[in-house]
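In what follows, every heavy atom counts, from backbone to side chain, and hydrogens, waters and symmetry copies are set aside. Proteins get letters first, then strands, A, B, ... in listed order; numbering begins at 1 in each. All figures in this text were calculated on a predicted structure; none of them were measured in a lab.
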Amino acid sequence: MAIQAVRGMKDLLPTEAAKWRFIEGAAREVFAAFGFGEIRVPVLERTELFARSIGEATDIVEKEMYTFSDRSGDSLTLRPEATAGVLRAYIENKLHGQPGPHKLFTIGPMFRHERPQKGRLRQFHQLDVEVLDDAGPLVDAELLVMLTQLLTRLGLRNVKLMVNSLGCPDCRPNFRAALIDFLDAKRESLCEDCRRRLDVNPLRVLDCKSEACQQAVEGAPSIQDHLCPGCRQHFDELRRLLALAGVDHAVNPRLVRGLDYYVRTTFEAVAGDLGAQNAVAGGGRYDGLVERLGGPAQACIGFGAGIERLALLIDDRPEWRAGPDLFLAAIGPQARDWAFAQAQDLRAHGVWVEMSGEDKSLKAQMRRADKLGAARVLVLGESELAAGTANVKDMLGQGEQRPLSLSDLGRALFPRHYNQ
RNA sequence: GUGGCUGUAGCUCAGUUGGUUAGAGCGCCAGGUUGUGGCCCUGGAGGCCGUGGGUUCGAGUCCCAUCAGCCACCCCA
């Protein structure tokens with residue numbers, strides 16, 4: 001029995017990888033325009049880092065992390081998200097000593113032991129963006145503009161941006177208390193999960209999918225009515241700036257986040273045609289986190305976007321399947337030797353060349369060239385070799401052929417490649 | 001972690017109430033003029049019917065277990 005990939009871990013084949021390069025390339029360009037620098041951090045961190053940042057009581061930390069002891073007995077964890085590691089690196093390398101704000105992005109795999117389904121894998125990949133040491137609503141707005149530009153660049157329509165404010169340590173407790181008061185009276189009509197949530201994380205009851213809960217939640221107090229003046233002003237300013245930048249969005253007072261560290265601005269980009277796992281990007285402000293991880297008190301904001309989920313929304317493009325620039329169809333040992341040597345020279349100039357690895361009939365070689373999607377084929381036999389001239393066939397059009405001197409083939413066919 | 005559906009050729013799938021050598025389309029290979037692809041025709045290769053047990057004279061078809069995939073719950077990107 002052949003060995004299979006670990007559950008929830010997927011191979012990325014060349015065609016799919018091309019799509020990923022497109023996504024990552026677009027992200028790099030957009031992020032660069034907003035002044036973000038790349039940071040690469042380890043995939044393994046000390047378990048404690050995530051317990052402290054994400055929150056002990058979250059599902060992620062409680063039951064979804066890949067945690068193990070290494071050979072020296074340290075408890076390590078494959079990162080379930082990127083922010084904690086980036087902040088650790090930020091603090092450890094004392095980047096906070098430099099004048100801020102610091103804009104960082106990273107791209108890579110995350111790991112969560114969940115049951116796989118559409119848009120959800122155990123190893124998945126995120127584009128992750130963080131702005132450190134900036135409290136203002138202007139950065140919040142810029143981050144959302146950047147996300148919007150990225151989605152546009154990727155050709156994604158039918159993605160909705162939802163924003164909310166979660167309040168801060170000053171005002172959230174009030175809201176929380178009001179919410180618990182309200183829900184407690186309806187405890188009986190809540191689903192089993194939500195009765196548990198009521199004690200652990202009452203905000204989550206708000207976005208429960210069960211109909212009973214949706215009804216019960218009808219008329220519940222809204223965080224939007226409980227924001228303290230500071231949070232209120234922050235949120236209003238954010239919305240004003242979003243309007244100025246022309247960013248379409250909706251305020252969703254029930255939008256909550258699964259990680260404990262979020263405060264104030266939170267947001268989520270939701271794709272209409274993705275099924276149940278429809279959040280394609282999500283993030284928010286985490287002002288107290290750097291301090292909690294042992295750094296200075298600095299306000300920060302960031303978001304993560306799921307590459308797999310973005311990829312599900314993007315159709316293949318023909319340019320990702322482009323074929324060789326030239327196929328060398330050689331007949332006979334001498335022609336094959338010449339073609340072999342010529343191929344290496346063309347490649348040294350950056351031309352994509354293919355030739356048949358075996359001594360096949362010309363017909364077979366032509367078929368091969370066609371299958372590969374070669375733009376042109378050079379037909380080369382003993383007589384052409386002797387004459388120093390061979391036909392080049394255009395495979396993309398009607399198949400016209402024209403004779404070409406073999407002595408400066410590369411320069412004649414690919415002047416751009418040869419003139420630099 | 002819970003529930004439902006699915007697992008037959010490289011891919012997409014047929015496979016009658018359990019009954020001989022398991023099929024199709026696409027793809028692949030070769031040929032259809034001696035040195036020219038795409039369309040067409042002919043031939044060919046390729047399956048421990050996910051895996052392990054069981055029932056039966058006989059299992060791709062039935063039962064159990066297991067693994068994997070999909071979808072949903074949950075959670076989230």
Under 4.0 Å, counting only non-hydrogen atoms across every strand here, what does [X] touch: a base, just sugar-phosphate, or nothing?
| X | answer |
| --- | --- |
| A:Ala369 | nothing |
| A:Leu312 | nothing |
| A:Lys10 | nothing |

First encountered from the 5' end of RNA chain B, between A:Arg7 and A:Gln277:
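It is A:Arg7 whose nearest nucleotide is closer to the 5' end.
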
By nearest nucleotide on RNA chain B, pick out whichever of A:Ala5 and A:His125 is the more 5' one.
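The answer here is A:Ala5.
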
Tell me the ring pair (Phe, Tyr, Trp, His ring centres under 6.0 Å) pairs involving residues 145-180 of chain A, sequence neighbours left out?
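Every pair satisfying ring pair (Phe, Tyr, Trp, His ring centres under 6.0 Å) with a residue in residues 145-180 of chain A: A:Phe175-A:His226.
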
By the salt bridge (charged side-chain N to carboxylate O under 4.0 Å, His left out) test, which pairs, at least two apart or in different chains, include something from residues 140-155 of chain A?
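Matches after skipping sequence neighbours: A:Glu29-A:Arg153, A:Asp140-A:Arg285.
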
Name all pairs fulfilling the salt bridge (charged side-chain N to carboxylate O under 4.0 Å, His left out) condition that reach into residues 4-19 of chain A, sequence neighbours left out, sorted by first residue then second.
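Those involving residues 4-19 of chain A are A:Lys19-A:Asp316.
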
Using the side-chain hydrogen bond (donor to acceptor under 3.5 Å, both in side chains) criterion, which residues pair with A:Thr67? Sequence neighbours excluded.
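Counting only residues at least two positions away or on another chain, A:Thr67 forms a side-chain hydrogen bond (donor to acceptor under 3.5 Å, both in side chains) with A:Thr77.
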
Partners passing side-chain hydrogen bond (donor to acceptor under 3.5 Å, both in side chains) against A:Asn164 (at least two apart in sequence or in another chain):
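If we apply the side-chain hydrogen bond (donor to acceptor under 3.5 Å, both in side chains) test to A:Asn164, skipping adjacent residues, the hits are A:Gln224.
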
Atom pairs and distances, side-chain donor-acceptor, residues 383-405 of chain A, under 3.5 Å, sequence neighbours left out:
residue	atom	partner	partner atom	Å
A:Glu384	OE1	A:Gly381	N	2.9
A:Asp394	OD1	A:Leu396	N	3.2
A:Ser405	OG	A:Ser407	N	3.3
A:Ser405	OG	A:Ser407	OG	2.8

Which nucleotides of RNA chain B pair, in dot-bracket form (Watson-Crick or G-U under 3.5 Å, | meaning another strand)
(((((((..((((.....[...)))).(((((.......))))).....(((((..]....))))))))))))....

Compile the donor-acceptor pairs under 3.5 Å between side chains in residues 105-114 of chain A and protein atoms, sequence neighbours left out, one pair per line.
residue	atom	partner	partner atom	Å
A:Thr106	OG1	A:Ile39	O	2.7
A:Arg112	NH1	A:Pro80	O	2.5
A:His113	NE2	A:Arg122	NH2	3.4

Check: A:Phe414 ring centre within less than 6.0 Å of A:His349 ring centre:
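A:Phe414 vs A:His349: aromatic centres not under 6.0 Å.
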
Give each protein N/O atom lying under 3.5 Å from an N/O atom of nucleotides 2-4 of chain B, with the pair distance.
residue	atom	partner	partner atom	Å
B:U2	O4	A:Arg115	NE	3.3
B:U2	O4	A:Arg115	NH1	2.8
B:G3	O6	A:Arg115	NH2	3.0

Please tabulate, for side-chain N and O atoms in residues 333-342 of chain A, each donor-acceptor pair with protein atoms closer than 3.5 Å (sequence neighbours left out).
residue	atom	partner	partner atom	Å
A:Arg336	NH1	A:Ser356	O	3.3
A:Arg336	NH1	A:Glu358	O	3.1
A:Arg336	NH2	A:Gly357	O	3.2

With sequence neighbours left out, what residues match A:Phe34 under ring pair (Phe, Tyr, Trp, His ring centres under 6.0 Å)?
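With neighbours one apart ignored, the set is empty.
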
N/O to N/O distances under 3.5 Å, protein versus nucleotides 35-44 of chain B:
residue	atom	partner	partner atom	Å
B:G35	O6	A:Ser383	OG	2.8
B:G35	O6	A:Glu384	OE1	3.3
B:G35	N1	A:Glu384	OE1	3.1
B:G35	N1	A:Glu384	OE2	2.7
B:G35	N2	A:Glu384	OE2	3.0
B:U36	O2'	A:Lys393	NZ	3.4
B:U36	O2	A:Lys393	NZ	3.2
B:U36	O2	A:Gln401	NE2	3.4
B:U36	N3	A:Gln401	OE1	3.4
B:U36	N3	A:Gln401	NE2	3.1
B:G37	O2'	A:Asp370	OD2	3.2
B:G37	N7	A:Lys393	NZ	3.1
B:G37	N1	A:Met395	O	3.1
B:G37	N2	A:Asp370	OD1	2.9
B:G37	N2	A:Met395	O	2.6
B:G37	N3	A:Asp370	OD1	3.2
B:G38	O4'	A:Asp370	OD2	3.3
B:G38	O6	A:Gln398	O	3.4
B:G38	N2	A:Gly397	O	3.4

If the threshold is 4.0 Å, N to carboxylate O, is there a salt bridge linking A:Glu354 and A:Arg368?
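Salt bridge flag = no for A:Arg368 with A:Glu354.
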
